[in-house]
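Here the structure comes first, spelled out in structure tokens, and everything after it is commentary.
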Amino acid sequence: MKPGGKDGKLYKIVKETVVEGGIDTSLGKSGFYRILAVGSTSSLPQPSSEAIAKGARALGAGDVTHLWKGQELASGDRVALLELVLIGFVKDVSNSKQGTSYDVSTQENLDSGNRAWITGAFTDSNGTINGTFETDSDAQRELLNQFSNVMEDDGVNINVYPAKQTKQDYMMSRRETNIVGETAVWEHFPVIVESLQTDKPLDGEQNFNFNYKVDGDNHPGMIYYKVIEEPTA
């Protein structure tokens, strides 16, 4: 049975505020953070011995994770708080992951009727996102500007932004919850938008879908965290 909670939202990472570790330094806000550096005597949470035995590693530079208010930062630790802005509500996400493999069959394998394989280092991830956003939102303009000029007239100035494809750094909620004891599920979702389609109506809520490729250079991945306290203002 699917647990309750709000899910299916796409957020844009719009700002990163750096926090340097040091004596008596702790985070003043719970949220998502990008790890910029890890000190030699880091105070960041470490993996359990059981997880290490299964192949887990410690947090490293570039990783995006959720940290709680009050988390201590030792000298050498450096993180950036991610400010998120809602783009829209996601209705459906298709994702295709394609790994690589290489045939290393020997004559003995062939004689037995079974080929031998080894796995490659890379996985190609791509898919399509379907959702809705507000017609006059900044998020819509940014997506449209990937493929067409955008002209903005604010009553005083007219600004023309030439079409330019850029990498997009998103966070996507698979399951949002603030209930203590439950597990929230998010995805750090850096992508390249390959194509975009928008539908009518031209006023109010507007449907969109875009094809994407995941940018593996920007540490994509799923984030599961247990809620240990209710959020405070």
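Both L84 and L86 are assigned to one and the same hydrophobic cluster, defined by single-linkage of ILVMFWY side chains at heavy-atom distances under 4.5 Å. Residues F32 and V185 are members of separate hydrophobic clusters, defined by side-chain heavy-atom contacts under 4.5 angstrom among Ile, Leu, Val, Met, Phe, Trp and Tyr. Both W186 and I228 are part of a single hydrophobic cluster, where members link through side-chain heavy atoms under 4.5 Å apart. L82 and W68 fall within a single hydrophobic cluster, where Ile, Leu, Val, Met, Phe, Trp and Tyr side chains are chained together by heavy-atom contacts under 4.5 Å.
Among all heavy-atom pairs drawn from G70 and S26, the shortest one is O-CB, 3.6 Å. For the residue pair L36 and V18, the shortest heavy atom distance occurs at CD1-CG2, 3.9 Å. Counting all heavy atoms, side chain and backbone alike, R78 lies closest to E20 at CD-OE2, 2.7 Å. Of all heavy-atom pairs between E229 and S30, the closest is OE2-OG, 3.9 Å. In terms of heavy-atom proximity, Q146 sits nearest to Q165 at O-CG, 3.2 Å. Nearest heavy-atom pair across A61 and H219 is O-CE1, 3.4 Å.
Scanning for side-chain contact (heavy atoms from CB on, under 4.5 Å) contacts around D217 gives D215, with sequence neighbours left out.
L44 belongs to a hydrophobic cluster whose remaining members, ordered by chain and number, are V19, L27, Y33, I35, V38, L59, L67, L73, V79, L81; membership requires side-chain heavy atoms of ILVMFWY residues under 4.5 Å apart, directly or through intermediates.
In this structure, the side chains of I223 and M171 come closer than 4.5 Å at one or more pairs of heavy atoms. Between N218 and R34 there is a side-chain heavy-atom pair separated by less than 4.5 Å. I129 has its side chain within reach of F189: a pair of non-hydrogen atoms, C-beta onward, lies under 4.5 Å apart. Here the side chains of K29 and K69 are not in contact, with every heavy-atom distance at 4.5 Å or above. Using a 4.5 Å cut-off on side-chain heavy atoms (C-beta onward), I13 and H188 make contact.
Under the 3.5 Å distance criterion, the side-chain polar atoms of R175 are matched with a main-chain donor or acceptor of T183.
Applying side-chain contact (heavy atoms from CB on, under 4.5 Å) to E182 and the options N178, V180, I179 leaves one that passes, I179.
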**Study point:** Test log, rule side chain to side chain contact (heavy atoms under 4.5 Å, CB included), inputs T65 and Y225
**Key:** CA-CA 9 Å; T65 189; Y225 69 89; over 6 Å; no
Exercise for review: Check the pair D63, R57 against side chain to side chain contact (heavy atoms under 4.5 Å, CB included), reporting the backbone distance first and the verdict last.
Suggested key: CA-CA 11 Å; D63 288 337; R57 62 166 175 81; 2.8 Å; yes
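Using a 3.5 Å distance cut-off with no hydrogens or angles, the side chains of N209 and T128 do not pair a donor with an acceptor.
Using a 30° and 60° split on the angle between ring planes, F210 and Y170 fall in the tilted class, from 30° to 60°.
Surrounding CD of E16 are more than 12 heavy atoms belonging to other residues, nucleotides or ligands, all under 6.0 Å away.
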Got a list of side-chain donor-acceptor pairs under 3.5 Å for residues 147-161, not counting sequence neighbours?
| from | atom 1 | to | atom 2 | distance (Å) |
| --- | --- | --- | --- | --- |
| S148 | OG | L144 | O | 3.2 |
| N149 | OD1 | A163 | N | 3.0 |
| E152 | OE2 | R141 | NH1 | 3.3 |
| D153 | OD1 | G155 | N | 2.9 |
| D154 | OD1 | V156 | N | 2.8 |
| D154 | OD1 | N157 | N | 2.6 |

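Atom NZ in K164 sits 7.5 Å away from atom OG1 in T166 (nearest 0.5 Å).
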